[in-house]
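The structure under discussion appears below in the form of structure tokens.
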Amino acid sequence: MPKITYIEANGTTHEVEAENGSTVMENAIRNDVPGIVAECGGACTCATCHVYVDDAWTDATGEPSAMEEDMLDFAYDVRPTSRLSCQIKVRDDLDGLVVHVPEKQG
Ligand code: FES
């Protein structure tokens with residue numbers, strides 16, 4: 001199973017095993033990673049699952065969709081590597097993915 005590492009704003013890391021087809025958000029919630037709220041449950045309508053994809057992984061995770069871009073406007077401290085974690089699906093080639101959790105959600 002692919003591994004995902006979440007790094008909190010304070011530097012605490014959480015390494016979890018994720019099933020293919022699940023989302024980066026779902027695995028954060030399942031494993032009690034602090035800082036990912038996911039109010040809408042993955043419907044891309046809340047922006048409280050905001051993460052920063054580690055620079056080494058931005059090519060692999062790809063670009064946000066137009067709908068995701070629109071929702072990201074509501075996130076706190078958006079950066080070029082910002083994504084909504086409910087819109088990143090886990091697959092084998094994301095094994096080792098690292099995402100950074102923002103200081104707070106918008
Ligand atoms: S969980 Fe609401 S936008 Fe991702």
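Note: hydrogens, waters and symmetry copies are ignored here, and every other heavy atom, side chains too, is used. All ligand and atom numbering here is 1-based and tracks the order in the structure.
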Worksheet item: Any idea which atoms of ligand 1 are less than 4.0 Å away from a heavy-atom of Gly42?
Response: 1 (S)
Practice prompt. Select one of side chain, backbone, both or neither to describe which atoms of Cys44 lie under 4.0 Å from any atom of ligand 1, heavy atoms only.
Written response: backbone
Item to complete: For His14 and Thr5, test the side chains for any donor-to-acceptor distance below 3.5 angstrom and give the result as yes or no.
Response: no
Fill in: atom 2 (Fe) of ligand 1 to nearest N/O/S of Cys40 below 2.8 Å
yes
Worksheet item: Is ligand 1 under 4.0 Å from a heavy atom in the side chain of Ala47, in the backbone, in both, or in neither?
Response: backbone
Worksheet entry | Point-to-point distance, once rounded to the nearest 0.5 Å, from CZ of Arg79 to CG of Leu72 | 13.0 Å
Discussion item. Please check: side-chain N/O of Tyr6 versus main-chain N/O of Ala28, any donor-acceptor pairing under 3.5 Å?
Written reply: yes
Fill in: Atom indices of ligand 1 within 4.0 angstrom of Cys49 heavy atoms, with elements
1 (S), 3 (S), 4 (Fe)
Worksheet item: So which of Asp93, Leu97, Asp95 actually passes side chain to side chain contact (heavy atoms under 4.5 Å, CB included) with Pro2?
Response: Asp95
Worksheet, complete the sentence: Heavy-atom closest pair (Arg83 atom, Gln87 atom, distance to 0.1 Å) is NH2-O, 3.6 Å
Discussion item. Taking backbone and side chain together, does Cys46 place any N/O/S atom at a distance below 2.8 Å from atom 4 (Fe) of ligand 1?
Written reply: no
Worksheet item: Below 4.0 Å from any atom of ligand 1, is there a heavy atom belonging to Thr48?
Response: no
Discussion item. With a 6.0 Å cut-off (strictly less than), is the heavy-atom count around CG of Asp59, excluding the residue itself, greater than 12?
Written reply: no
Practice prompt. Mark up the atoms of ligand 1 that fall under 4.0 Å of a heavy atom belonging to Thr45, in ascending order.
Written response: 3 (S)
Worksheet item: Going by atom types only, do Asp54 and His100 share a side-chain donor-acceptor pair under 3.5 Å?
Response: yes
Discussion item. Taking 2.8 Å as the cut-off, does Cys86 contribute an N, O or S atom near atom 2 (Fe) of ligand 1, distance below it?
Written reply: no
